[in-house]
Amino acid sequence: MDIPKTYDPKQAEQRHYERWEKAGCFAPEINRDPHAPVFSIVIPPPNVTGSLHMGHALQHTLMDVMTRHKRMCGYRTLWLPGQDHAGISTQKVVSDQLEKEGLSRHDLGREKFIERVWRWRHESGGQILQQMRREGASVDWSRERFTMDEGLSRAVREVFVRLYEEGMIYRGERIVNWCPNDQTVLSDLEVAKVARAGKLYYLQYPVKTNDGERRHITVATTRPETMLGDTAVAVNPLDERYRDLVGAKLILPLTDRLIPVIADEFVDPEFGTGAVKVTPAHDPNDYEMGVRHDLPQVVVIDQHALMTEAAGKGFFGLDRYKAREKVVENFETLGLLEKVIDYEFSISTCERCHQVIEPLISTQWFCRMDEMRDLALGLMGREKKPRFSPEVPYEKVYTSWLENLRDWTISRQLWWGHQIPAWYDKEGNVYVARSVEEARAKAGTDELEQDPDVLDTWFSSALWPFSTLGWPDETDDLKTYYPTSVLVTGRDIIFLWVSRMVMTGMKFMSETPFHDVVITGTVLDKHGQRMSKTKRNGVDPLDIFDKYGVDATRVALSAAGAGTDIRWNDNQVEPYRNFANKIWNAARFCLLNSEGARVSPEALRAAEGLALHDRWILSRLNRTARDVSQAIGEYQFHEAVQTLYHFFWDDFCDWYIELSKWDVTAEQTSAGRDCARTRLISVLEQALRLLHPFMPYITEELWQRLPGVSEGLLHEAYGGSEATIMLTAYPQGNREAIDERAEWEMQMVIDLISRVRNIRAEMNIKPSERVRLLVGAGEEKLREVFAANTDQIARLARASEITVRERLDAPRASARAVLSGGAEVAVPLEGLIDFAQERARLERERDKLQKEAARLDAQLANPQFTERAPAEKVNELRERLADITGRLRALSETLEALR
RNA sequence: AGGCACGUACGUCAAUGGUAGACGGCUUCCCUUACAAGGAAGAGGUUGGGGGUUCGAGUCCCUCCGUGCCUACCA
């Protein structure tokens, strides 16, 4: 058999994915058990414009681990893939392409432009899905969805119409967030607040008096240019300074308008001058105040952030920042600029293009959220669903956001997206319908024009868990896979996406869209900075795959703590690349000694007369299986990884293989040898199954090479499928197979061997040199354990002979050690031993033990402790103290003998 | 401005209120026929400072220092 010494991940990565896919392993239909429990996940649809980043790799890995695990547990398993049309981003990508050709989207016209976007999507969009194949993601490609698919678009129209008919969607004029660059309205969630160092300008507005008295009110503002649209100045009704001026008129400088002084509780008397200029058309708070006081709205800034005609001759057409300078200059000239101070404040910017948002009054479509919000809050209140992991702090983040939820601006002035299903007749009457035909029927005329706006991208995403399964039709998929089992995503879209899915899910399906929500940490760069394109500090997962292999990368990502941010550093993957190589070589050893062996479940049963190391590894295997399943179930992937890593490396490689070597590598063919080989390879096979959800490629690659693997090993739900490790049964860990006694006995043997190795290292005994071992053990049980395993101990401790007695009887010139359980071991070293050095070594150990004994003594002597602590805990300490005391006694005697 | 996290070995991170661990790195020895991406043995911590609750605190409470994140209508 020809197996290379070093694992080459690329080879395995190329070989298996396509085969799995062709065999239909990813589709739930592979499961032929009609009573199988169901497990389903919908992928957070990546943007068509996106390419894979580490955040995806992390989330996809966790989703795939869960999916593969549940599939191996016999669940009917669906992981549904798909993509989001990503309105603004996609439109921008294609617009930029056009720009390079010297064209704008308006040159093409709406229809041609959309055609072009579709072409782009088919040609270069969605590379991310190809990249997912490399990740090993076991998604069902036959159910792939796109938010602009006909089916999903139908769901969008259906939801829109129903909500409209219930009065939850309405059209109205409001102040909104406008991006002058993207030329569209944005929802509050798409606006990012950024701290900026700016100035606070103090402007004086003269009071119009009849007696010629010269008075003024000073207002403070960060945006002087908006003063051209002021229609009032507001003060707090309780503010003594201005009480007599409420109701008075002010002369608004640079214009010919008079504006009133009004009283409103919104005004904080402590801030600035206690007087606020009110610009209802260009500030959300002022807008509200304007509504309360019935103030006129003077629009002085337009959709391109240029000053309008209403701003006055001198300002018309100026950019808003130019206008700002000019207003300030004019105030200075007029002697009305009181002062300018440095001031840091936060401004609203467009999340995508970072342009400063301009609040504008505009007619848009809105969605009332109160009813759906209450549905979601009720679900959390009654059933505590969805269950967030980690629960702290996300459950609270989610609910407190819902409690403060406001109406959602759902229209966007874009071309790429779901066009709003509303039509207008010549009189401007609106007809909301599922199709133009339905609208015509409602209107009684064919002369209708559809609303040009499209819906917020998140509107269709909000329906994802049921629209992808066929809603509004009552499909089998919908009945089977809704609600989904778990949603895996980042914290940045809890509001944008998670909460909205819950709300629409409750509204239209009357059930939570997912039982659990796993919030992953953010992948940061090695300095703890967020990865971003502009900073160019992003890491391409494909580079990591090339460098270390997909499996190693997946394990490294799974090993990150639950919910905590991950400071990414390439070399963190190295240990897992090494781990993969370790697995490879362990399997290599098994395979090189596999003649006469075959994978066999019977070999894993405890039986009479099994050697200690066999009983032990079976116990460890079952314990590991149990712990891993529990960890995955609790979304503690790092614990699962740690458990598997140590089982495979420490238990299986370092001890079990070493202890099996003698039997397995025997030159003579024998039933005993075949038996040992079969057991070894069967344990390996189980270990590969346990590792498979995390490391799909290497486990499949090795599994296929094991002798005796066949369809017969598959989980019964997959009977008739082709042989692959991904359809075998996941080891559950049998509680009865956990053999505490075997684990204790083995621990004694390991302890003895380690002590001898320690002596050898400290005494500089060459590896090639065999030593004699004298073991003294008062307990008969222990003597039996050592006696039964002398061959093993001799091989691993490199001893020539071993004598086990009740009492240690060793020559003075020996190096000694005391084991737990009170046993002692001595290595006679005639002529080699430095007595002073040996005494010092043992004294050091004695001091350590004495300290611990003293601490335990004190704790046990404290009646408060023995009375209040649980009896189990107290006993544990007593036993430990007894053990230490025994060892101390033995040590003292040894030291005495060396004097 | 409020709210929420976090601070543990040289580095990156784990630890239901019960003996502080892992993986790199480091030191010494070994190319022992699965693996030098390996094996064996080690060194390294009064868990950011201070106070409190408790028989017992990395873990719970308070406070200070430092670092992140989120929310917000103070012009």
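Hydrogens, waters and symmetry mates play no part in the numbers below; they use all other heavy atoms, side chains included.
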Kindly write out the residues that satisfy ring-ring contact (aromatic ring centres under 6.0 Å, His included) with Tyr656(A), not counting sequence neighbours, or none if the list is empty. His613(A)
How does protein reach along nucleotides 68-74 of chain B, written 5' to 3' as B (base within reach of a heavy atom under 4.0 Å), S (only sugar-phosphate), or - (no contact)? ---S-BB
Partner set under ring-ring contact (aromatic ring centres under 6.0 Å, His included) for Tyr697(A), not counting sequence neighbours: Trp20(A)
If the cut-off is 4.0 Å, is Lys5(A) near the phosphate of G38(B), judged by side-chain N/O to OP1 or OP2? no
Given a 3.5 Å cut-off on both pairing distances, which stems involving RNA chain B, each at least three consecutive Watson-Crick or G-U pairs, are present, if any? B:1-7 with B:65-71, B:10-13 with B:21-24, B:26-30 with B:38-42, B:48-52 with B:60-64
Show every salt bridge (Lys or Arg N to Asp or Glu O under 4.0 Å) that has at least one partner inside residues 268-288 of chain A, sequence neighbours left out. Asp230(A)-Lys277(A)
With sequence neighbours excluded, tell me which residues meet side-chain hydrogen bond (donor to acceptor under 3.5 Å, both in side chains) with Lys661(A). Glu658(A)
Please list, pair by pair, any protein nitrogen or oxygen found under 3.5 Å from a nitrogen or oxygen in nucleotides 22-31 of chain B.
residue, atom, partner, partner atom, Å
A22(B), O3', His646(A), NE2, 3.2

Using ring-ring contact (aromatic ring centres under 6.0 Å, His included) as the criterion, list what pairs up with Phe388(A), not counting sequence neighbours. Tyr398(A)
What pairs of residues pass the salt bridge (Lys or Arg N to Asp or Glu O under 4.0 Å) test when at least one of them lies in residues 389-404 of chain A, not counting sequence neighbours? Lys384(A)-Glu391(A), Lys384(A)-Glu395(A)
Please write out each protein N/O paired with an N/O of nucleotides 7-12 of chain B under 3.5 Å, distance rounded to 0.1 Å.
residue, atom, partner, partner atom, Å
U12(B), O2', Gln572(A), NE2, 2.8

Please tabulate, for the side chains in residues 630-637 of chain A, all donor-acceptor contacts under 3.5 angstrom to protein atoms that are two or more places apart in sequence or on a different chain.
residue, atom, partner, partner atom, Å
Gln630(A), NE2, Glu634(A), OE2, 3.4
Tyr635(A), OH, Asp516(A), OD2, 2.6
Gln636(A), NE2, Glu634(A), O, 3.4

Look at the side chain of Arg577(A) against the base of A37(B) and say whether a donor-acceptor pair falls under 3.5 Å; ignore hydrogens and angles. yes
Quickly work out the Arg677(A) CZ to A34(B) P distance and round it to whole Å. 12 Å
Could you pull out all residues at least two apart from Trp655(A) that satisfy ring-ring contact (aromatic ring centres under 6.0 Å, His included)? none
Closest approach to the side chain of Lys873(A), judged atom by atom: which nucleotide of C35(B), G18(B), A75(B) is it? G18(B)
